[in-house]
2 protein chains.
Amino acid sequence: MAAQRGEGDGVVTRPGETGTEAPADVRERARAIPEAAVARLAVYLRVLSGMVEQGVTTISSEELAGAAGVNSAKLRKDLSYIGSYGTRGVGYDVEVLVSHIERILGLTRKHSVAVVGIGNLGHALANYGGFPSRGFPVAALFDIDPDLTGVPVGGIPVDHIDDITTVCAEREVSIGVIATPPQAAQAVCDRLVSAGVQCILNFAPVVLQVPDYVEVRKVDLAVEMQILSFHVARRADEAAGDVVNGIGVDGVVIRP
Amino acid sequence: MAAQRGEGDGVVTRPGETGTEAPADVRERARAIPEAAVARLAVYLRVLSGMVEQGVTTISSEELAGAAGVNSAKLRKDLSYIGSYGTRGVGYDVEVLVSHIERILGLTRKHSVAVVGIGNLGHALANYGGFPSRGFPVAALFDIDPDLTGVPVGGIPVDHIDDITTVCAEREVSIGVIATPPQAAQAVCDRLVSAGVQCILNFAPVVLQVPDYVEVRKVDLAVEMQILSFHVARRADEAAGDVVNGIGVDGVVIRP
DNA sequence: TCTTGTGAACACGTTCACAGCT
DNA sequence: AGCTGTGAACGTGTTCACAAGA
């Protein structure tokens, strides 16, 4: 797909030119990891980091799965995509796992981030501590309001939106975060792309149109709320229906 | 799964007791809609709302699919889950579609929202305009800081976190939004659940443990960034690999 | 003729269950 | 004896391709 992806849908997937040989292990492996597994690996990584701090050195698939909210078979399969780093009969060495997941997720490099749109959300993002801590330094901030240019937010001076292309190229931004109003989002996106940014995290409630080689992920509050709304409604309908048929919500017969 | 879900992964899925008959059309239908389709329906709804404002009255699957960033077969299948409201040879009536999608997503009811954790993000959420506009009135705000209690944010006075249970029950909150630091999230979640909240949107970077009947969706910035990081890395590896084999990124032979 | 709606084929992701190691 | 790693079975979601209908 040449477009977005929200909670678990598809992602930009370039066809798939295989054509490598010998020491292609890591590359080949990375290519084969299912998208859904990548998202979970990030979760495992966080849980494992917590374990390290608690001094845990070894963990079984069952324990880690429980803490990550998945079943253990899935966890083991996910880990098998990145290699076999467990010990049968024992479990996984926590630090070893952490370092392998970090490697696969590309967290050994620094990925400079640019945030565009310094409103409520942009401020929150610029000040978000967990951002730089894990190798995602905020390298640039942009806004369309000339009064903001030069003003430092979270320690970084805001640049004008017209300078996106040059500043991003200069500072080697690899991830662009769009936190603008929806009307501005596509134009901002186009500028980011022409600055060479290939990964975009979009908070604006619009479907961005991008070239195939650009990866967009979206965080869409309205969509999330509406999905929850759907479940509230379904639940209510179910309850109503079940009672109509004389069966209570939990299977108890109310009117047999 | 009895846990979270982020960008496109699984969602709490209670087993599936079928057992209804006659006028069960809507209910039965709702139950059958794939989770992934629900997320897209919300996107179609937004696109269609824009169309209404532009005065568009009819739209083909091809056009709508383009605007929503999906392919037209998928769009038609998604719409078919909610019924057959198109006209062959012509397309869909925009207003008809809007009202059917709204009905299916449960947007005809009001869903009161409580936001817990009035920090940077909580402020942004409380002030977010698109929230109440579409049937999600913010009915309560909570924070642990006693200095904040009583202070109005976005027009609503903040209550203390200890009052979650009573206040949420009183105001019939159906969706809880957790915007606290990670350490506080599970405790807040437990209180929301005991107040009867069955749908939770979690911004805290932790895996919440909840009973099966509670639906949790999570928005996890760190995970999103790491997924993008993975793609940056994969891309770099690919490029390296391709060049090693004498093939450039776009298939051009550099060293045949 | 044009576009929808959908069965059938396919691809992807999950779960099961057990062989293989420690 | 215990836990990992994984082939095979299963289920869900996507895409194809065309019949049905305006």
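Letters go in sequence order (proteins before strands), and every chain restarts at 1.
- Side chain of B/K74, nearest nucleotide from D/dG13, D/dT15, D/dC3: D/dT15.
- Two residues, A/A73 and A/V90, neighbour DNA chain C, and the one matched to the more 5' nucleotide by heavy-atom proximity is A/A73.
- Across D/dG13, C/dG5, D/dT14, the shortest atom-to-atom separation from the side chain of B/Y81 is found for D/dT14.
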Given the rule in the salt bridge (charged side-chain N to carboxylate O under 4.0 Å, His left out) test, do A/E224 and B/K218 qualify, once you have shown the distances and angles that lead to the verdict?
CA-CA 9 Å; A/E224 294 301 326; B/K218 72 176 204 290; over 6 Å; no

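- Ion pairing between a basic and an acidic side chain is recognised when a charged N comes within 4.0 Å of a carboxylate O; B/E35 and B/R217 show such pairing.
- At least one side-chain nitrogen or oxygen of A/Y92 sits closer than 4.0 Å to the OP1 or OP2 atom of D/dG5.
- For A/R76, the salt bridge (charged side-chain N to carboxylate O under 4.0 Å, His left out) test picks out no residue, with sequence neighbours left out.
- Each of D/dG7, C/dT3, D/dT4 was ranked by its minimum atom distance to the side chain of A/K77; first place goes to D/dG7.
- B/E62 has its CD atom 14 Å from the C1' atom of D/dT15, to the nearest Å.
- Taking atom CG of residue A/N71 and atom P of nucleotide D/dT4, one finds them 13 Å apart after rounding to whole Å.
- When distances are taken from the side chain of A/S84 to each of C/dT6, C/dG13, D/dG5, the shortest belongs to D/dG5.
- For the pair A/R40 and C/dT14, the criterion of a side-chain N or O lying under 4.0 Å from OP1 or OP2 is met.
- Taking 4.0 angstrom as the limit, B/S61 places a side-chain polar atom (N or O) nearer than this to OP1 or OP2 of C/dT4.
- Residue-to-nucleotide contacts include a donor-acceptor pair under 3.5 Å from the side chain of B/R88 to the base of C/dT4.
- Put simply, CD on A/E63 is 13 Å from C1' on D/dG2, counting in whole angstrom units.
- You'll find that the side chain of B/E35 is closest to D/dG13, out of D/dG13, C/dT3, D/dC3.
- B/L79 places its CG atom 15 Å from the C1' atom of D/dT14, with the value rounded to the nearest Å.
- Annotation: the span from A/L97 atom CG to A/L64 atom CG amounts to 7.0 Å, rounded to 0.5 Å.
- Residue B/L64 contributes atom CG, which lies 12 Å from atom P of C/dG5 at whole-angstrom precision.
- When the C1' atom of D/dC3 is taken as reference, atom CG of A/L97 falls 14 Å away, rounded to whole Å.
- Rounding to the nearest 0.5 angstrom, the gap separating the NE2 atom in A/H100 from the OH atom in A/Y85 is 4.0 Å.
- The CD1 atom of A/I33 sits 14 Å away from the P atom of D/dT6 (whole-angstrom rounding).
- Whole-Å rounding puts the A/R76 CZ to C/dC18 C1' distance at 11 Å.
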